[in-house]
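Worksheet for the structure shown next.
Quick note: numbers below take in every heavy atom, side chains included, and nothing from hydrogens, waters or symmetry partners. Chain identifiers are assigned alphabetically (A, B, ...) following the order of the sequence lines, protein sequences preceding nucleic acid strands; residue numbering begins at 1 within each chain.
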Protein chains: 2
Amino acid sequence: MKLELHIKMNEALFLRNPESSELGKNILKHSVQLISKTGFEAFTFKKLAEDIGTTEAGIYRYFENKHKLLVYLTAWYWAWLEFQISFHTNNMNNPAEKLKRVIKLLATTVEDDENTSYINESLLYQIIIAEGSKAYLTKQVGEDNKQQFFKPYKDLCAVVGTIILACCPNYKYPKSLASTIIEMAHFQNFFMNNLPSLTDFGNNKEESEIIAFLNDLVFNSLEKN
Amino acid sequence: MKLELHIKMNEALFLRNPESSELGKNILKHSVQLISKTGFEAFTFKKLAEDIGTTEAGIYRYFENKHKLLVYLTAWYWAWLEFQISFHTNNMNNPAEKLKRVIKLLATTVEDDENTSYINESLLYQIIIAEGSKAYLTKQVGEDNKQQFFKPYKDLCAVVGTIILACCPNYKYPKSLASTIIEMAHFQNFFMNNLPSLTDFGNNKEESEIIAFLNDLVFNSLEKN
DNA sequence: TTATTTATGATAGTAATGCTATCATTTTAA
DNA sequence: TTAAAATGATAGCATTACTATCATAAATAA
């Protein structure tokens, strides 16, 4: 038995649904590879087209510009992660255990699920860490938000916030703590690997230490309340 | 009496020292205005030159490219902030009070110090919030780091880490907590104003609530240890 | 003061980026 | 089997991201 997970994406993110054709899937697949290789700044539709063996115009039929493509990929990731979380915390009745599991999922390098899709989750995780914030750190964040581009991120944040409240109903900042955990899971990883003196993990570079830090941070806050 | 604070910048950040001439100072002044107005992506040296009333080539004599200029501005900000912190926490002997003061300084919109310089600190603070991470979220972060471009940020982080340790000598993650406070002071502000459902401050949009959140986060962690 | 370096302004030019448009050909769906 | 839709090939254009040249103005040193 093989079930394929399908994530329904916001239609305003693309001109033509990239999941509806081979070329579209290639765009997703190769853009993940190319962005993770060159970084988002140096990434262009021309290079992507050469990579795939199609033309620039071909890419533009699917995505308006590279910003939309980045937003698409990040939205896909957040939606995928929310599913991972709901799957892996299913039937857990202790909210604290649940929250620990969430933190672990957020801060652990994902392995590519070879079968699932044309998207390499492992490379995408690297993109999220290094480029993810660029999806919303723009002047258009307001319009993009109106079009619900960040809904998967907000949904994930809401899910985490709900678990936090389940742990500690009196806690005053569930949503801010949720966004803090999510962002820091990635930033501490980026810092650990690139600016290690901003972290306490420079020597071992172990994800497990980031997880320990986040657990410490979160549970000290929640137990106090 | 009027003392002017002077920040000595890393010479590898510029081709010609922008503080050494009127044109240079204009570049700094107008780039802060223009970046905060248009965002870093839409900001170009051409537009900046028009703004100032000079030519594109003129700007290139000072800065290699706009990335270096952004790194310059962020480095300036971190150095300036470190001074503010050392000034405002001077002679405070209670480390917890000191840390509270630091959090407040990090999360409070700065007012432009009209006199100090050609840099509008208030606008620069907005740039740091919305564009600051882009200074290091690049493929060149390693090389930039080798050239010490992020030293002011790392120094600030070290200062905050030291205060954290003074509060609680057993605490295991002083540097990671420091970078978390610094990043979150800005991200929660950005979220509050642009993606409010990621925070608990969407209704009032008060900086004081961000400060309260960060204090809660930090001191629960430190008191526990 | 003059001579000389140094900074600026004006102008040009070039390769790459970020698109849009057209049209012929192939693929797919009715 | 025919019409519709997707792709490939090519062209073009405005903007971006630079680099180069040369004349002039301003600062400085002899």
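For B/T55, the side-chain atoms get nearest to C/dG9 when compared with the rest of C/dG9, D/dT19, D/dT16. Among C/dC19, D/dC18, C/dG18, the nucleotide with an atom closest to any side-chain atom of A/N65 is C/dC19. Nearest nucleotide to the side chain of B/A57, out of C/dT11, D/dC18, C/dT8: C/dT11. Comparing C/dT17, C/dG18, D/dA6 by their closest approach to the side chain of A/Y62 singles out D/dA6.
Rounded to whole Å, the distance from NZ on A/K66 to P on D/dT16 is 14 Å. One interatomic measurement links the two molecules: CZ of A/F45 to P of C/dT20, which rounds to 11 Å at whole-angstrom precision. We find that CD1 of B/I59 is positioned 15 Å from C1' of D/dT19, with the value rounded to whole Å. Here C/dT11 presents its P atom at 14 Å from CD of B/E50, a figure rounded to the nearest Å. Here D/dA6 presents its P atom at 11 Å from CG of A/N17, a figure rounded to the nearest Å. A/Y60 places its OH atom 11 Å from the P atom of C/dT17, with the value rounded to the nearest Å. As rounded to whole Å, 16 Å separates atom C1' of C/dT17 from atom CG of A/L69. If you measure from atom CZ of A/F43 to atom P of C/dC19, you get 12 Å, rounded to the nearest angstrom.
There is a side-chain donor-acceptor pair under 3.5 Å between A/E209 and A/N204. A donor and an acceptor atom, one from each side chain of B/Q188 and A/S179, are located under 3.5 Å apart.
Between A/S21 and D/dT7, a side-chain N or O to OP1/OP2 separation shorter than 4.0 Å is present. For the pair A/R16 and D/dT7, the criterion of a side-chain N or O lying under 4.0 Å from OP1 or OP2 is met.
At a threshold of 4.0 Å, the pair A/K134-A/E131 counts as salt-bridged, since one of the basic side-chain nitrogens sits closer than that to a carboxylate oxygen. The pair A/K104-A/E207 does not count as a salt bridge, with every side-chain nitrogen at least 4.0 angstrom from each carboxylate oxygen.
The backbone N or O of B/A185 lies less than 3.5 Å from no partner atom in the side chain of B/N189, so there is not a single donor-acceptor pair.
In terms of position along DNA chain C, the nucleotide closest to B/G53 lies nearer the 5' end than the nucleotide closest to the other residue of the pair B/E56 and B/G53. Both B/R61 and A/G58 sit near DNA chain D, but only A/G58 has its closest nucleotide nearer the 5' end.
Across all strands, B/F63 comes closer than 4.0 Å to no nucleic acid atom at all (heavy-atom distances). Backbone-only engagement by A/E64 is indicated by non-hydrogen atom pairs under 4.0 Å involving sugar-phosphate atoms exclusively.
Stacking of B/K66 on the aromatic ring of B/F40 is recorded, both the 6.0 Å distance cut-off and the 45° axial limit being met.
Across the helix from C/dT2-D/dA29 to C/dA30-D/dT1, the helix axis at one end is tilted relative to the axis at the other end by 20° (nearest 10 degrees, each axis from five pairs).
A distance of 13.0 Å separates CD in A/E121 from OG1 in A/T109, rounded to the nearest 0.5 Å.
Ring pair B/H186/B/W78 is tilted by interplanar angle, where 30° to 60° counts as tilted.
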